[in-house]
Amino acid sequence: MIVILLFILVYVSYIFIFILSTPFLDKFTFDSHSLEFIWTVLPIGILLLIAFPSLYLLYLIEEFTSPSLTVKVVGHQWYWEYQLSTSWVSHSFDSYIVYRNNTFPLFHALDVDNRLILPVLSSILFLVTSADVLHSWTVPCLGIKVDACPGRLNYLSTVSSYSGVYYGQCREICGSNHSLMPIVVEFVPIGSYLEYLSSLNG
């Protein structure tokens, strides 16, 4: 798209400078219906050329097959519930805000007692819903924002290429304690994640 836009910018700039700098004007150019037709149809063709690949990519973003892990996220007033589901383990836990912790550095109003731990380089499907009112499960650094609606199951898939800890919060005004619903997603190498799953089974 940048190449196409640069071509249009250079071409239009050249024509504009040429018309301003030349002392000769062609009255047939200014009254040409054929030229008007061309500069109307040509941008339409360029827009279609850009639109179809973009629509195809948008379709592919929504398309996912056989995710490695499915995580159900349920919003409550005012905490998050996570349900992990794989072929060999099923685990559910709640995630509440914490104000004091001795095991890792604490960010004010952003840390939780139970982090959502996920593996890197794995296709993960999130199913997001709510048990009471509207919530919004949002992790800005991952580009994730999904509304949690009661009675509705929204979904998205993601893959993280890097290990790290990502913070988010509820982005829907869901009540007086809406700001006390932080989200912490921690991506770890697959070996560490398998150890984590083993500890759940143990």
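Atom set for the values below is all heavy atoms of this structure, side chains included, hydrogens, waters and symmetry mates excluded.
- Atoms CG and CD, on Asn114 and Glu81 in that order, are 12.0 Å from each other to the nearest 0.5 Å.
- A continuous path of Ile, Leu, Val, Met, Phe, Trp and Tyr side chains, each step under 4.5 Å between heavy atoms, connects Leu116 with Leu121, placing both in one hydrophobic cluster.
- With side-chain heavy atoms closer than 4.5 Å counting as contact, directly or through intermediates, Val3 stands alone and belongs to no larger hydrophobic cluster.
- Using cut-offs of 30° and 60° for the angle between ring planes, the Phe7 and Tyr11 rings count as parallel.
- Closest approach of Tyr82 and Ser95 over heavy atoms only: CE1-CB, 3.5 Å.
- Remark: side-chain polar atoms of Ser192 are not paired, donor with acceptor, to backbone N or O of Val188 under 3.5 angstrom.
- Among Ile117, Val165, Leu142, the one residue that satisfies the side chain to side chain contact (heavy atoms under 4.5 Å, CB included) test with Phe187 is Leu142.
- Using a distance-only test at 3.5 Å, with no hydrogens or angles considered, a donor-acceptor pair links the side chain of Ser160 to the main chain of Tyr162.
- Going from atom CG of Leu118 over to atom OG of Ser68 covers 11.0 Å, rounded to the nearest 0.5 Å.
- Between the CD1 atom in Ile97 and the CD atom in Gln169 there is a gap of 7.5 Å [rounded to 0.5 Å].
- For Tyr79, the ring pair (Phe, Tyr, Trp, His ring centres under 6.0 Å) partners at least two apart in sequence or on another chain are His76, Tyr96.
- Pro189 is not listed as a side-chain neighbour of Pro119, based on a closest heavy-atom distance of 4.5 Å or more.
- The side-chain heavy atoms of Ile144 and Thr138, taken from C-beta on, include no pair separated by under 4.5 Å.
- Nearest heavy-atom pair across Pro67 and Thr70 is CG-OG1, 4.1 Å.
- With sequence neighbours left out, the side chain to side chain contact (heavy atoms under 4.5 Å, CB included) criterion links Leu48 to Ile44, Phe52.
- Between Ser90 atom OG and Gln83 atom CD the span is 7.5 Å, to the nearest 0.5 Å.
- Residues meeting the side chain to side chain contact (heavy atoms under 4.5 Å, CB included) test with Leu47, sequence neighbours left out: none.
- Within the structure, the salt bridge (Lys or Arg N to Asp or Glu O under 4.0 Å) test picks out no pair touching residues 161-183 (sequence neighbours left out).
- Listed by chain and number, the residues in a side-chain hydrogen bond (donor to acceptor under 3.5 Å, both in side chains) with Thr158 amount to none (sequence neighbours excluded).
- Listed by chain and number, the residues in a side-chain hydrogen bond (donor to acceptor under 3.5 Å, both in side chains) with Trp80 amount to none (sequence neighbours excluded).
- In this structure, the side chain of Asn154 engages the main chain of Asp147 through a donor-acceptor pair within 3.5 Å.
- The distance from the CG atom of Leu197 to the CG atom of Leu84 is 7.5 Å, given to the nearest 0.5 Å.
- Hydrophobic clustering of Ile, Leu, Val, Met, Phe, Trp and Tyr side chains at less than 4.5 Å, counting indirect connections, keeps Val159 apart from Trp137.
- From Ser157, atom OG reaches atom OH of Tyr155 across 9.0 Å, with rounding to the nearest 0.5 Å.
- Not counting sequence neighbours, the partners of Glu186 by the salt bridge (charged side-chain N to carboxylate O under 4.0 Å, His left out) test are Arg115.
- No chain of hydrophobic side-chain contacts below 4.5 Å, direct or via other Ile, Leu, Val, Met, Phe, Trp or Tyr residues, connects Val185 to Val74.
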Let me have the donor-acceptor pairs involving side chains of residues 124-134, under 3.5 Å, with sequence neighbours excluded, atom names and distances please.
unit_1, atom_1, unit_2, atom_2, d
Thr129, OG1, Cys149, O, 3.3
Thr129, OG1, Arg152, O, 2.9
Ser130, OG, Asp132, N, 3.2
Ser130, OG, Val133, N, 3.4
Ser130, OG, Val133, O, 2.4
Asp132, OD1, His135, NE2, 2.9
Asp132, OD2, Gln77, N, 2.9

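- For Ile4, the side chain to side chain contact (heavy atoms under 4.5 Å, CB included) test picks out Ile8, Ile46, Leu49, Ile50, with sequence neighbours left out.
- The nearest pair of heavy atoms linking Tyr196 to His91 is OH-CD2, 4.4 Å.
- Around CD1 of Ile173, the count of heavy atoms belonging to other residues, nucleotides or ligands within 6.0 Å does not exceed 12.
- In this structure Tyr166 satisfies the side-chain hydrogen bond (donor to acceptor under 3.5 Å, both in side chains) test with no other residue, sequence neighbours excluded.
- When hydrophobic side chains of Ile, Leu, Val, Met, Phe, Trp and Tyr are connected at separations under 4.5 Å, Ile2 ends up clustered with Leu6.
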